[in-house]
Amino acid sequence: MSSESTQQPDFPAYRYTAELAGDIERHWQDYWEKNGTFEAPNPTGLLADPSKADIAQRPKQFVLDMFPYPSGAGLHVGHPLGYIGTDVFARYKRMSGFNVLHSLGYDAFGLPAEQYAVQTGQHPRVTTEANIANMRRQLRELGLGHDQRRSIATTDTEYYKWTQWIFLQLFDSWFDIEQDKARPIAELIAEFEAGARLTPSGEPYSALNEADRRKLVDSYRLAYVSDAPVNWCPGLGTVLANEEVTADGRSERGNYPVFKRNLRQWMMRITTYADRLLDDLELLDWPEPIKMMQRNWIGKSTGARVDFVANGETISVFTTRPDTLFGATYLVLAPEHPLVDKLIGPHWPSHGNTHWTKGFHNPIDAVEAYRAQAAARTDEERTAENREKTGVFIGAYATNPASGTHIPIFIADYVLMGYGTGAIMAVPAQDQRDWDFAKVFDLPVVRTVQPPDAFDGEAFTGDGSAINSEFLDGLEVAQAKQKMIDWLTAHNHGKATTTYKLRDWLFSRQRYWGEPFPILHDEYGPVAVPESMLPVELPEVDDYSPRTFDPDDAHSNPEPPLGRVQEWANVTLDLGDGPKQYRRELNVMPQWAGSCWYELRYLDPTNSQAFVDAEVERYWMGPQAPGHPGGGELYVGGVEHAVLHLLYARFWHKVLFDLGRVSSKEPYYRLFNQGYIQAYAYTDDRGTYVNAGEVIQEDDGTFSYQGQPVTQEYGKMGKSLKNIVTPDDMRDQYGADTFRVYEMSTGPLDASRPWETRAVVGSQRFLQRVWRLFVDEHSGQSRIVDGPVDDETLRVLHRTIAGVREDFELLRFNTAVAKLIELTNHITQYHSQGTPRELARPLVLMLAPLAPHIAEELWRRLGNEDSLTYVDFPVADPTLLIAETIEYPIQINGKVRSKITVPADADEATVQAAALADEKIAALLEGAAPRKIIVVPGRIVTLVK
RNA sequence: GCCUGGGUGGUGGAAUGGCAGACACAACCGUCUUAAAAACGGUUGCCCUUGCCGGGCGUGCGGGUUCGAGUCCCGUCCUGGGCACCA
């Protein structure tokens, strides 16, 4: 490619080739680095820069990309799509009078490096740092304007020191329901000590012994140890979060069996923030689908708790339809429900229905058999669509508190222990699942909402008047709900209740390559490592793997790698009450921890006194107006983080807000979901992937590789699919600027699109045409002239400025590129004798965010000494946006029949007259006056014949 | 099943309810060249007509609102993503 210039004697010596682009790009990358061009000044602290005082005065703009994992495979062309998008936006904002913070750090803890370490014995830090270095190089070569001083990695000791510090903030906090916010745990203890808050048992706090006090206080903490059931995966030797378990009960990674086990694990009390996480979505400029996914995940539903009495036991159920209580004809408990064993009858009632007993001699056997059957099923089988309802009668009855009727109690696997109370009141007339179950077991159906006359379905879930419901009869659903809740409350049978799908966040991992917990254990439980002793550094180990077990051994127990280092795990420390023996927490934090607050560390990465300085945080993240939640102006990333990362990060941020550590309620004000770049892959007749770069499309549309037909697939880029194209390849073949322009021009940032290497040349031709406007390809001489610009070109220029500005603002880079191409082509055609400076200057400035290296080079050739990074973006002259004449299409009955050109300031009557006077129109009207004439100013004339 | 995006030329994609297909790729033709490449210029939604002038049909499909619909409304099909017996 670039070598042609030396082989071909007549090849223009100064053409913008990949080789020349490479020279220019290296030069400017060095220049930017040397001059700290993209280093954004802070208002105070170590990153305040007196030489940039003018920039520090500007309004701020915090542009953020989702935190990448530095993969050992390096980047392919799909990865930088979003990074280039944010870079274009950030550069545009720098030219629009903003102090722009744009950096990129590394979410560098995680499994791949650890697994590599397990296999090779190589310390994960070594691989991680090599991967980061490679990724930094790749990104630098794309010309991304990141502030390198702020490019932290979660594995930096100085960084995870503060991750541990934030963990301690959570550990040392509790959620005050009254105030709806987190408060320091010391305030809780003070309330207990003063007697202002009663202990749950009613005993005075001062009367409790140390163990009970500690236990009580620990039960309030936002970070707490729990014996909750977890997903234990012996094959991996670790506990998995629910999200890491597939629907059929296996590990997402490795596909090993996963067992529900009660284990001691660290949890985060995110559920206390459910309402605020839900409500504050309203304050954010996020795509509606993402908000919807978060709402669904939080899963708030309001209704009532209703208590049913059976054999002296109280069964609480949750229902969203308390108005249908009179129609509750049976109860269903989850098979695992703890009350089942107490309620179970020794014998079948004499009037027992054979459907219900399933041929067992007594309920005890029936329940045992059903439980075994339910446990043996995979989740997939249990949740299969349209599955016949199964269950079994437990030989006991409960009393419906409203109707007083005795209703049978069943267990069934369609009721889940983990949601609500693990028990439901079944109302077959108004719930399809209950209807289905009732049909199988021949249970009574009592309609309590009047369906419409035309209704011929089964369960009726719509609105209607209450029937068969005594004091509710005649009320609509909403009023009936309220009245029933009032009645339940008044008679002590229940009360209004809200439940959430959201669970507390499982926060510990049995791994090595993560942040150690800053926690010690003494005889009473967990104790915080004092702030002065942070960071708790990862010790060296000789084996990085957790102990793994037979994948099917459900009774094995986790043994984290840190447990192998006994001299680290067992320490004697003086925490203020004399030297004492402690055992360190052996788990490490999940990868989410580091990505929950990284954007805050970007703000003040070198601060050794605080995780971020308060004034610095207020400047970059603070609310921009009353009612504004604060947060970064733009956050770009893939939709795959719609729920977990974004929810966890919001949660941590809100805790820090409650504790007065940050001034913003939310970390990410505007969220934008980028699309993905996908690629074609090809398989031969054996199903083996062939090198996609060598596949040829035949004239008949089929594909072949080395003469053999191959089959096309479409999807991800991957090594095994042999369809990887890297930014390094593109830099070598075309140059980084061409690559940037191509990625931005192929579609809107939020659209996924296929990669097509052969189309990249279009972007290169565009930049070559721009280059030719400035430089004579043969002599290298400047083609810039000081001559006048014709009026039409001037108007094109100013329309382009206005359009490009708007497009950049809205991240519509593809149409911005199209407009710049049109302008370039126009200048090429109208000013073939030399490019007027008046056109060259705005063109190069508008191009700069997209193709910064060539723009800097051309800017220098225009005689400027400094970088154009902070030069004002061109502003359109409004008087030049108005055309002198306007061409109106004229429609008759919706079809364009002719066109007229009139002065731009012609009034409607003039336009109308001109339209009617047009020869073709007059001919088509045949002398008759049109029935109607519509003139849309500046747009169109429509006649109705 | 529920919740969400999206269906426009050979391809990626443009289009505040106002001339559908900007811009780009591919394809074809031309200029230049001994030739090729590069570059530059032209043609390119489909169909009829084609010497020219024209005409018809077109944004997944079927309806509707409107002077006018890719855009708004109703229904329907296909498809990407998310959640899933959530009481």
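Side chains are part of it too, since the values below use all heavy atoms of this structure and drop only hydrogens, waters and symmetry mates. Every chain is numbered from 1, with letters handed out A, B, ... down the list of sequences.
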Fill in the blank from the handout: Regarding the side chain of A:Val415, the nearest nucleotide among B:G12, B:A87, B:C40 is B:A87
Problem - Donor on one side chain, acceptor on other, A:Gln430 and A:Thr448, under 3.5 Å - result: yes
Exercise for the section: For B:A37, take OP1 and OP2 only and decide whether either is under 4.0 Å from a side-chain N or O of A:Arg15. Expected result: no
Practice task
Report yes or no: do A:Asp436 and A:Gln432 form a side-chain donor-acceptor pair below 3.5 Å?
Solution key: yes
Practice task
Measure from the side chain of A:Thr815, starting at C-beta and using heavy atoms only, and say which of B:A14, B:G56, B:G18 lies closest.
Solution key: B:A14
Handout entry: Nearest-Å distance once atom C1' is located in both B:C19 and B:G58
Key = 15 Å
Exercise for the section: Give none if B:C2 has no partner; otherwise give the nucleotide forming a Watson-Crick or G-U wobble pair with it, both distances under 3.5 Å. Expected result: B:G82
Practice task
Looking at every strand, decide which applies to A:Arg295 at a 4.0 Å heavy-atom threshold: base, sugar-phosphate, or nothing.
Solution key: nothing
Practice task
Would you mind classifying the nucleic acid contact of A:Ala759 as base, sugar-phosphate or nothing, using non-hydrogen atoms under 4.0 angstrom?
Solution key: sugar-phosphate
Problem - N-O pairing of A:Lys819 and A:Glu806 below 4.0 Å - result: no
Handout entry: Interatomic distance at C1', B:C67 relative to B:G17, whole Å
Key = 12 Å
Practice task
For A:Glu887, answer base if it contacts any base atom (sugar-phosphate contacts may also be present), sugar-phosphate if it contacts only those atoms, and nothing otherwise; contact means non-hydrogen atoms under 4.0 Å.
Solution key: base
Exercise for the section: Describe the nucleic acid contact of A:Val896 in one word from base, sugar-phosphate, nothing, applying a heavy-atom distance below 4.0 Å. Expected result: sugar-phosphate
Exercise for the section: Answer with yes or no whether A:Lys819 presents, from its side chain, a donor or acceptor under 3.5 Å of a partner atom in the base of B:C23. Expected result: no
Problem - Side-chain donor/acceptor contact of A:Thr942 with base of B:G18 under 3.5 Å - result: yes
Practice task
Mark yes or no: A:Lys501 above the aromatic ring of A:Tyr419, with NZ or CZ under 6.0 Å from the six-membered ring centre and no more than 45 degrees from the axis.
Solution key: no
Completion exercise
Closest to the side chain of A:Val761, out of B:G82, B:C67, B:A26, is B:A26
Practice task
Provide the distance between the two P atoms, one in B:A26 and one in B:G18, to the nearest whole Å.
Solution key: 33 Å
Exercise for the section: For A:Arg812, report the nucleic acid contact type (base, sugar-phosphate, nothing); a contact means any heavy atom under 4.0 Å. Expected result: nothing
Completion exercise
Among B:A14, B:C19, B:C83, the one nearest any side-chain atom of A:Pro748 is B:A14
Problem - Span that lies between the P atom of B:G13 and that of B:C85, in whole angstrom - result: 35 Å
Exercise for the section: Scan A:Ile934 against the nucleic acid and name what it touches under 4.0 Å (heavy atoms): base, sugar-phosphate only, or nothing. Expected result: base
Fill in the blank from the handout: Of the listed B:C67, B:C3, B:C25, the closest approach to the A:Lys932 side chain comes from B:C67
Exercise for the section: Write down the partner of B:G41 under the Watson-Crick or G-U wobble criteria, each distance required to be under 3.5 Å. Expected result: B:C29
Exercise for the section: In plain terms, say whether A:Lys481 and A:Asp323 are close enough for a salt bridge, that is, a side-chain N and a carboxylate O under 4.0 Å apart. Expected result: no
Practice task
Just call it for A:Gln891: base, sugar-phosphate, or nothing, with non-hydrogen atoms closer than 4.0 Å on any strand.
Solution key: base
Practice task
Using a heavy-atom cut-off of under 4.0 Å over every strand shown, decide if A:Asn825 touches base, sugar-phosphate, or nothing.
Solution key: sugar-phosphate
Exercise for the section: Find the partner of B:G51: check Watson-Crick (N1-N3 plus N6-O4 or O6-N4) and G-U wobble (N1-O2, O6-N3) distances, both under 3.5 Å, and reply none if neither fits. Expected result: none
Exercise for the section: Identify which nucleotide among B:G82, B:C83, B:U11 has an atom closest to any side-chain atom of A:Lys501, counting heavy atoms from C-beta outward. Expected result: B:C83
Exercise for the section: State whether A:Asn814 places a side-chain N or O below 4.0 Å from either non-bridging phosphate oxygen (OP1 or OP2) of B:A14. Expected result: yes
Exercise for the section: Look at the side-chain N and O atoms of A:Arg772 and state whether any lies under 4.0 Å from the OP1 or OP2 oxygen of B:C40. Expected result: yes
Practice task
Assign A:Arg758 to base, sugar-phosphate, or nothing according to its heavy-atom contacts below 4.0 angstrom with the strands shown.
Solution key: sugar-phosphate
Exercise for the section: Could you tell me whether A:Ser752 contacts a base, only the sugar-phosphate backbone, or nothing, with contacts defined as non-hydrogen atoms closer than 4.0 Å? Expected result: sugar-phosphate
Completion exercise
Partner of B:U76 under the Watson-Crick or G-U wobble criteria, both distances under 3.5 Å, comes out as B:G60
Exercise for the section: Establish whether the base of B:U11 is bridged to the side chain of A:Arg753 by a donor-acceptor pair shorter than 3.5 Å. Expected result: no
Problem - Residues A:Asp307, A:Arg305: salt bridge by 4.0 Å N-O rule - result: yes
Exercise for the section: Output yes when at least one side-chain N/O atom of A:Arg765 is less than 4.0 Å from OP1 or OP2 of B:A24, else no. Expected result: no
Practice task
If the plane angle is over 60° it's perpendicular, under 30° parallel, otherwise tilted; pick one for A:Phe410 and A:Tyr330.
Solution key: perpendicular
Problem - Who pairs with B:U11 - Watson-Crick or G-U, where each distance is under 3.5 Å - result: B:A24
Exercise for the section: Remember a base hit wins even if backbone is also touched, and classify A:Arg931 as base, sugar-phosphate or nothing at under 4.0 Å, heavy atoms. Expected result: nothing
Problem - Nearest-nucleotide pick for A:Ile424, side chain only, options being B:G12, B:A87, B:C19 - result: B:A87
Practice task
Could you please name the option among B:A38, B:A87, B:G12 that lies closest to any side-chain atom of A:Ser301?
Solution key: B:A87
